[in-house]
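A short worksheet on the structure shown next.
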Amino acid sequence: MIEGKITRISGPIIFAEGLDGCGLYDVVDVGEKKLIGEIIRQSKGKTTIQVYEEDTGLHVGEKIECHNRPLSLRLGPGLVGTIYDGIQRPLKEISESSGEFLLPGVRTEPLDVNKIWHFEALPEISKGCQIKPGMTLGTVKETESITQKIMVPPLVRGRFLKTFKSTGDYTIDEVIATTELDEEIKLSQYWPVREPRPYTEKLEVSEPLITGQRVIDVFFPLSKGGTAAIPGGFGTGKTMTQHAVAKWCDADLIVYIGCGERGNEMTEVLTEFPELIDPRTGRSIMERTILIANTSNMPVAAREVSLYSGITLAEYFRDMGLHVAIMADSTSRWAEALRELSGRMEEMPAEEGFPAYLPTRLASFYERAGRIISLEGQEGSVSVIGAVSPPGGDFSEPVTQHTKRFIRCFWALNRELANARHYPAIGWIDSYSEYAGEVREWWEKHNPVWWQVRIQALELLKKEERLEQIVRLIGPDALPDADRLVLKVAEMIKNGFLQQNAFDDVDMYCSSEKQIAILEFMMDYYNRAYELVKSGCPLVKIISMPVCDEIVRIKYSVPNDQMEKLAEITGHFNSQFAELESVYNKAETL
């Protein structure tokens, strides 16, 4: 083990000498308390180390020991349902062993080394069989929702199994197989957090990530394997939107990263998620969730690595053929950690004090998303949804602007909507999704009218935005009936479709079938009403029809599993329009 000593201390950045034989990004133990650190720069005998724990009390001359291995995560059974800090220390176990405060130097195994797991070996795997990296040897049922595949680590060079244990009960430290090169394969494996896990092929995205949120799924869809950003000022609902997506999206696994946000937000996740029922499995959502908490009162240096820890966990499950969604809250706090560390290292700052390599670091995170074919030939994906917290809601600041370069789905939160208690507060004017065309084929297989009603509704909302400027000047009564109808239908879309109540048992999650049914009703209402207006029917008669309120209330009155109730509303809809059409269509003919 190579040893060096501290020569200078600048907050979480330590300068040392005597570590020339170490590699970049190697893990080191710093000082008497053996604080976890990582080498981030080496030059002419001088080494710069980033310390991931509270370093109060360190002094010049203390010893540093290098482990000659990069900062890595332990991957295996026991990950799901756990809450870690940014460097994979299990917070629950640390709390039980050393109290409520995260003391410097506290070490706890990231996975329970004493727990016995039942390993189910694949029948075709035996001693002497040929193997390759990424190949599945067996499975371990971790939760009722997640079954882990025990895979040959990607860096194993052996081609044949020298030994192989059959189905049985093992700990994660027991060797279940060895290769002809005496390489050991266990239920767990290590992987460096800063290095993407290998795969065979990257595929084009084609299937949407269904979130149950109407404004996202219909207007600004995200694909499985896609990247999205949620920018917005304080109080506009970034965390609320991410919580909603994490709760209800159809990903197989959720990795939620609390990166620099307030501790009460992670507490809310911890208290709410175990009580929520996954609509797909009927079981607790925590059975498919991993939490990484690196909140604002935790060491700032660990905040920087927490994003890479989360994406590494996601890639591990992706390689098993699962679809994984990552919630990063927020990348702005992560960028602020980069800014502080850069300042401590006395680097030349770029715009607003952020380091010049901010775009590169953002790219290295978002580019690890995608839909892939694994080494074994299975399809999996990692979708990334990153919250951005621009000061004052200013989208022109560096983190938001650089993020837009690397994402294809932009859910811009609107302050006016949030102040009006309209949630999700995703503004339909500034938001966009480049995935709409790519998921169109999937949607049209499930509902052929998706593209048509989506485009028509968005055009109505944009037209309403222009008309609102005129209304502010001359008032709505000066507009012709056709334009006043646009304002009426746009209001129906806002209240009955875009606004969604996360506290209502029916409206908190909306199936894709119900989403299109609501919007199709509204577009049918507009089209038939427009024809009546052209025929001379007074607008007041059209907007006073009782079915207007029924359409707006569909989101509450029709549960996802009782879509047959729409037939009654459809009957009211047709009869009320037919009555007016019989009068004014005849008048037009005469």
Side-chain angles (χ1 to χ4, degrees), residues 27 36 52 70-93 108-112 134 140 142-143 145-151 153-155 172 186-199 224-225 227 242 245-246 249 251-259 266 269-270 273 285-294 302-329 331 334 364-372 374-375 378 380-386:
V27 175
I36 299 175
Y52 291 125
L71 183 65
S72 304
L73 298 189
R74 190 168 195 181
L75 307 170
L79 291 170
V80 181
T82 307
I83 177 169
Y84 293 107
D85 73 344
I87 49 177
Q88 210 195 11
R89 292 184 296 179
L91 297 181
K92 183 179 179 181
E93 285 72 11
T108 305
E109 286 291 335
L111 300 176
D112 190 342
V140 170
E142 185 168 4
T143 68
S145 303
I146 298 293
T147 297
Q148 274 206 33
K149 294 179 179 178
I150 305 305
M151 303 174 291
L155 300 182
I172 59 173
K186 303 177 181 179
L187 293 186
S188 64
Q189 57 180 271
Y190 287 91
W191 189 261
V193 298
R194 298 185 186 276
E195 183 178 341
R197 286 176 66 89
Y199 51 83
K224 289 181 178 177
T227 52
Q242 282 193 319
V245 173
C249 75
D252 299 312
L253 185 83
I254 301 296
V255 180
Y256 194 99
I257 309 170
C259 182
M266 289 305 298
V269 175
L270 280 172
F273 275 38
I285 284 181
M286 278 304 292
E287 291 188 359
R288 64 177 183 97
T289 303
I290 303 174
L291 303 177
I292 296 179
N294 201 268
R303 190 186 303 174
E304 187 267 340
V305 79
S306 60
L307 288 191
Y308 299 111
S309 297
I311 200 82
T312 301
L313 291 172
E315 289 176 336
Y316 173 64
F317 286 95
R318 174 206 69 186
D319 292 346
M320 300 178 193
L322 300 182
H323 296 287
V324 187
I326 293 182
M327 312 293 149
D329 188 13
T331 54
W334 172 77
S364 69
F365 171 63
Y366 282 109
E367 71 183 2
R368 290 173 71 171
R371 175 171 162 257
I372 58 96
S374 69
L375 296 177
Q378 301 173 99
S381 69
V382 173
S383 309
V384 177
I385 302 171

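The heavy-atom pair separating Thr331 from Gly386 by the smallest distance is CG2-CA, 4.5 Å. The two residues Ala293 and Leu91 come nearest to each other via the heavy atoms CB-CD1, 4.0 Å. A pairwise comparison of heavy atoms in Thr227 and Ala369 identifies CG2-CB, 3.6 Å as the closest pair. When all heavy atoms of Pro153 and Gln189 are compared, the pair lying nearest together is CA-OE1, 3.9 Å. The two residues Arg303 and Cys259 come nearest to each other via the heavy atoms CG-SG, 3.3 Å. Counting all heavy atoms, side chain and backbone alike, Asp252 lies closest to Ile146 at O-CD1, 3.5 Å.
Residues Ser383 and Val324 are not in side-chain contact: their nearest non-hydrogen atoms beyond the backbone lie 4.5 Å or more apart. At least one side-chain heavy atom of Ile292 sits under 4.5 Å from a side-chain heavy atom of Leu313. Using a 4.5 Å cut-off on side-chain heavy atoms (C-beta onward), Arg89 and Thr108 make no contact. You'll find the side chain of Ser72 stays beyond 4.5 Å of the side chain of Trp191, heavy atoms only. In this structure, Val305 and Val193 have side chains that are in contact, with non-hydrogen atoms separated by less than 4.5 Å. At least one side-chain heavy atom of Met151 sits under 4.5 Å from a side-chain heavy atom of Asp319. Ile254 has its side chain within reach of Arg288: a pair of non-hydrogen atoms, C-beta onward, lies under 4.5 Å apart. Residues Arg194 and Leu71 form no side-chain contact, since every pair of their non-hydrogen atoms from C-beta on lies 4.5 Å or further apart.
Counting only N and O atoms by type, the side chains of Tyr308 and Ser364 include a donor and acceptor under 3.5 Å apart. Looking at Gln148 and Tyr316, their side chains do bring a donor and an acceptor atom within 3.5 Å of each other. Between the side chains of Ser188 and Arg74, a donor-acceptor pair is found at a separation under 3.5 Å.
A side-chain hydrogen bond (donor to acceptor under 3.5 Å, both in side chains) with Thr312 is found for exactly one of Arg197, Glu195, Arg368, namely Arg368.
Rounding to the nearest 0.5 Å places CG of Leu79 at 6.0 Å from CD of Glu142. Distance CG/Leu187 to CD1/Ile172: 8.0 Å, rounded to 0.5 Å.
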- Show your reasoning for whether side chain to side chain contact (heavy atoms under 4.5 Å, CB included) applies to Met286 and Val80. CA-CA 8 Å; Met286 278 304 292; Val80 181; over 6 Å; no

- Task: List the steps, then state whether side chain to side chain contact (heavy atoms under 4.5 Å, CB included) holds for Tyr190 with Leu75.
- Result: CA-CA 6 Å; Tyr190 287 91; Leu75 307 170; over 6 Å; no

- Task: Could you walk me through whether Ile385 and Ile326 pass the side chain to side chain contact (heavy atoms under 4.5 Å, CB included) test, one step at a time?
- Result: CA-CA 6 Å; Ile385 302 171; Ile326 293 182; over 6 Å; no

- Message: Apply side chain to side chain contact (heavy atoms under 4.5 Å, CB included) to residues Ile257 and Leu307 and explain how you reach the verdict.
- Response: CA-CA 7 Å; Ile257 309 170; Leu307 288 191; 4.1 Å; yes

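Panel note: side chain Thr143, backbone Glu287; a donor-acceptor pair is recorded below 3.5 Å. Remark: side-chain polar atoms of Tyr84 are paired, donor with acceptor, to backbone N or O of Pro110 under 3.5 angstrom. Between the side chain of Ser381 and the main chain of Arg371, no donor-acceptor pair closer than 3.5 Å is present. Under a 3.5 Å cut-off, the side chain of Gln88 and the backbone N or O of Leu73 do not form any donor-acceptor pair. For the pair Gln242 (side chain) and Ala328 (backbone), a donor-acceptor distance under 3.5 Å is present.
In terms of the salt bridge (charged side-chain N to carboxylate O under 4.0 Å, His left out) criterion, Asp329 has no residue partners (sequence neighbours excluded). A search for side-chain contact (heavy atoms from CB on, under 4.5 Å) contacts involving Tyr199 returns Lys202, Arg318, Ile372, not counting sequence neighbours.
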